[in-house]
Trainee: 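Before I ask anything, let me first share the structure, which is written out below as structure tokens.
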Amino acid sequence: MNNQIQQADVVIIGAGPSGAVAASLLVNKGWRVVVLEQQVFPRFSIGESLLPQCMHFLAEANLAENVKEQADTLGFQFKNGAAFQRRGEHTAIDFTEKFTQGPGTTFQVKRADFDKCLADGAMEQGAEIRYQHSVIEYTDHGDDALLTVVDEKNQRYQIKGRFVLDASGFGRVLPRLLDLETPSNFPVRWAYFSHFEDNITDDKFDREKILINVHPKHNDIWYWLIPFSDGTASIGVVGKPSQFEDTAPLACLNEFIEQDTYLSELLARRVAIGEARTIKGYSANVASLHGEHFALLGNAGEFLDPVFSSGVTIALKSASLVAPLVDDYLQGKQVDFQAQYSEPLQQGVNCFRTYVAAWYDTSFQDVIFYSEQNQQVREMISAILAGYAWDLDNPFVKQSERRLNTLVELCRD
């Protein structure tokens, strides 16, 4: 091991979206930021359908223009809403028709390219990103946190950070090292997914929206179809472990596609690109989102469910919330990370949780497919599905469970 301990103001674990946004925000405050990324970019990741509020957070970190400028080259698909299909019923939500002010459009992205675009933008602004560097130990060290790291040559070194942000996503580095993981209150679900040349010829299919498709027999099984601008698409199916056969991932995914008449006809000419992948038991939670010298961002802290594509939005919101607090902390100001970070972040996460849970018990599905919905109510729901789950002026955010239950009763009468 190199015995000389390195030093940074902020050490960020993970160079994904939340890490890149937090790094950009903090280097622009004048701090030395070192990002430790276990993998090499570009690398595959899931979470390909962004929500419009993401664009606000990217703009805040001076990264939105990078995405817009490279969108065509990288095959990013302009996105303005979400489409839904259930046993022949079709409906759609236009994110530009929403209650909350802010961007109403965004992109569907291949995360390998998207994440590299953000990481490159963070480096251009002054962040140092070290690829193939894995954090294996964390200890408090006086006024700093001390990390032990293994680099790309399998050499160990130590680096002290005055503050550490864990943006490691599903890697959940600090929750594992510090024994912070707790069970999620969501049932265990699995996802099978792959990229395809979709070869969709249906003129009615809207490539500017993610398609969320309910299984023809099981309302708690659903599919995503995320089109990209180059004629490819990400396609996946989500269900409980007992609902999947013990077969190869691609065979399993194709079998589920064939079970739905609409999807099987829409995707009749699909061609798989590479191998299918699985995520098993993805919902996660932690005992605390912060400690003496650290905070957890995005999926490193909590991941709900992919059904409404909230993961990247929560990740970017966490980076946007925490960066000014870390700036204050480094300046010696008093910061209450519980009151100023954990609780505000959790408010939006809990809002998403209400609608995710109601999707699986089918009550929110009945709202989505209700044909006589009030336009103002529809715009309030649209705002939440567009990512604006922290807007307390929206009654369906502020009192999400009570308001949704009332709405469900009206739709089911």
Trainee: Does F95 have K79 sitting over its ring (NZ/CZ under 6.0 Å from centre, angle to axis within 45°)?
Mentor: no
Trainee: Quick one about Q70 and D113 (side-chain donor to acceptor, distance below 3.5 Å, no hydrogens or angles considered), yes or no?
Mentor: no
Trainee: Find out whether the Lys NZ or Arg CZ of R378 is both under 6.0 angstrom from the six-membered ring centre of F99 and within 45° of the ring's axis.
Mentor: no
Trainee: Are side-chain N/O atoms of N213 and D260 paired as donor and acceptor at under 3.5 Å?
Mentor: yes
Trainee: Does W390 use its side chain to pair, donor to acceptor, with the backbone of L345 at less than 3.5 Å?
Mentor: yes
Trainee: Quick one: do the N28 and Q125 side chains pair a donor with an acceptor below 3.5 Å?
Mentor: yes
Trainee: Testing the 3.5 Å rule here: is there a donor-acceptor pair between the side chains of H195 and E48?
Mentor: yes
Trainee: Please say whether the positively charged group of R277, taken as NZ for Lys or CZ for Arg, lies over the ring of F44, i.e. under 6.0 angstrom from the six-membered ring centre and within 45 degrees of the axis.
Mentor: yes
Trainee: So, for F228 and R207, which heavy atoms are closest and what is the spacing to 0.1 Å?
Mentor: O-NH2, 3.0 Å
Trainee: Ignoring hydrogens and angles, state whether a donor on the side chain of Q331 or D327 is under 3.5 Å from an acceptor on the partner side chain.
Mentor: yes
Trainee: Do H133 and Q38 have side-chain N/O donor and acceptor atoms under 3.5 Å apart?
Mentor: no
Trainee: Are any side-chain N or O atoms of T247 and backbone N or O atoms of A251, one a donor and one an acceptor, separated by less than 3.5 Å?
Mentor: no
Trainee: Have S234 and W224 got a donor and an acceptor in their side chains that come within less than 3.5 Å?
Mentor: yes
Trainee: Shortest non-hydrogen contact from G298 to S318?
Mentor: N-OG, 3.0 Å
Trainee: Verify whether one side chain among S382 and E97 offers a donor that lies under 3.5 Å from an acceptor in the other.
Mentor: no
Trainee: Ignoring hydrogens, what is the shortest heavy-atom contact between Y388 and P103? Give both atom names and the distance.
Mentor: OH-O, 2.7 Å
